[in-house]
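The structure appears below as structure tokens.
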Amino acid sequence: MTLQIPSDFELGVATAAWQIEGDLAGRGRSIWDDFAEIPGAIVDGATGDPACDHVHRLEEDLDLLAWLAVDAYRFSFSWPRVMPTGSGPTSPEGLGFYDRLVDGLLERGITPVATLYHWDLPSLLESAGGWPARDTAYRFADYAQVVAERFADRVDRWATLNEPWCSAFLGYCSGTFAPGRSDAGDSLAAIYHLILGHGLAVERLRAAQARNVGIVLNLIPVVADDLSMEPVVRHIDGLQNRIVLDLLAGRGVPSDLRESCASVTDWAFVRDEDTPVLPAPIDWLGENYYTIYRVAPVGEADADAIGQETAAIPACPPMRFAPREPLTDMGWEILPSGLESALRMATDALPGVPLWVCENGAAIPEVTDETGIHDQVRTDYVRDHLEVLVRMREKGFDIRGYYVWSLLDNLEWASGWTKKFGIVRVDPATGERTVKDSARWYRSLIAERG
Ligand code: IFM
């Protein structure tokens, strides 16, 4: 069946600063630079410089975007490139880089869509306590204001945070992501302060006349075949999905979570004065969808799926993750119908808020020969998820667009260069870009859209 994309449905690609920019000399350090120096923290020892050397190859990458003819490009500002010490003085060079990026997109007719925080907390703010500390939320709001005052005239859509779940629970509970801390109580304080920072930043963005302000989550449907797993499903769903949706919707921390996590926190960080700030009205919601969580009673060892770790779940009851084939290279179950469940969750919690799928894509094996880089599984993955969106739109869901993750092969966080999500290959040794089959397919899809 041919995929019929409606003419008003936005198609784009996404990246994030630490994963592609490089040029550590031109910015302050972030928690990911520090994490990368811990032996074994990043599997292949990759570091944030040169990454894809995007800062020095900006024109080439802008031309790639123009060749794809995407409607929009989603990138993230690096907080330590804008404010090297996390608060106070800004860097003229750093801001100048983003001027060139945003202006270069506009010159090519591509809509800039910016995320303010995609996990690269300035190192000095981590030394001051990181996201478990309330003050970090206020520093984030100050940074948001600086960026919005400079770019509100040119950036069309703003996301405060990308996937706060990862920052909080992989960063502060399992410690498999930067900053590599393992304290369940701290991770709950972190998720709360991230959403507080979001709410404070929304106010500053609006004051600076920023248009279209939202947030990007990774809502993940949780399923189990075994009925006895219902309480576990609820606990994980609470931490992955409901805590953030409920805070954004003005319902506070879900009462069941307050109880099920009582062994690891007294929730003293939740303050009454935050009640009006947390549900700051948003203009749109982004969902990054890759997979579901399938959980099962304890049995064999945990699956090797990246990010699916019981250690990332505060007060985790006995359980294991049990993804089913087909799997991507990340060990993630491929299940396009889960995208519908994730978006329904968003709509149920925040009715009337338009949705974008801000990331979707796959790390999969590729075949390279003299005719090119063949990645049919990636193309199928993208097409199957787009089909879900087209069907949902027909049913009346307000879904406005979709961005492939990712434009480039890049630093896949703790997996370094070992997992490739790009529709364009990047040679880690030389930085050379080579278009894959999936990029040619996506380009034709955009060109042939209804
Ligand atoms: O690479 C990441 C991205 O930074 C955030 N969302 C998931 C992607 C794949 O793991």
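Along the sequence shown, residues carry numbers from 1. Hydrogens, waters and symmetry mates are skipped; everything else that's a heavy atom, side chains included, is used. As the structure lists them, so they are numbered: ligands from 1, and atoms in each ligand from 1.
- A donor and an acceptor atom, one from each side chain of E10 and W356, are located under 3.5 Å apart.
- The one candidate from R206, R400, R211 that meets the salt bridge (Lys or Arg N to Asp or Glu O under 4.0 Å) condition with D283 is R206.
- Using a cut-off of 4.0 Å between Lys/Arg side-chain N and Asp/Glu carboxylate O, E37 and R29 are scored as salt-bridged.
- In terms of protein heavy atoms, atom 7 (C) of ligand 1 is closest to E359 OE1, 3.2 Å.
- With ring centers used as reference points, F9 lies 6.0 Å or more from Y402.
- A salt bridge links D71 to R449: at least one charged side-chain nitrogen sits closer than 4.0 Å to a carboxylate oxygen.
- Between N410 and ligand 1, not a single N/O pair is under 3.5 Å apart.
- The N/O atoms of H118, backbone and side chain alike, include one that comes under 3.5 Å of an N/O atom in ligand 1.
- At under 3.5 Å, not a single nitrogen or oxygen of W332, backbone or side chain, sits near a nitrogen or oxygen of ligand 1.
- Close contacts of ligand 1 with E163, meaning ligand atoms under 4.0 Å from a residue heavy atom, involve 5 (C), 6 (N), 7 (C).
- No donor-acceptor distance shorter than 3.5 angstrom exists from the side chain of S438 to the backbone of R378, with no hydrogens or angles considered.
- At a 3.5 angstrom cut-off on N or O pairs, W405 counts as close to ligand 1.
- Residue contacts with ligand 1 for E412 involve side-chain atoms from C-beta outward but no N, CA, C or O (heavy atoms, distance under 4.0 Å).
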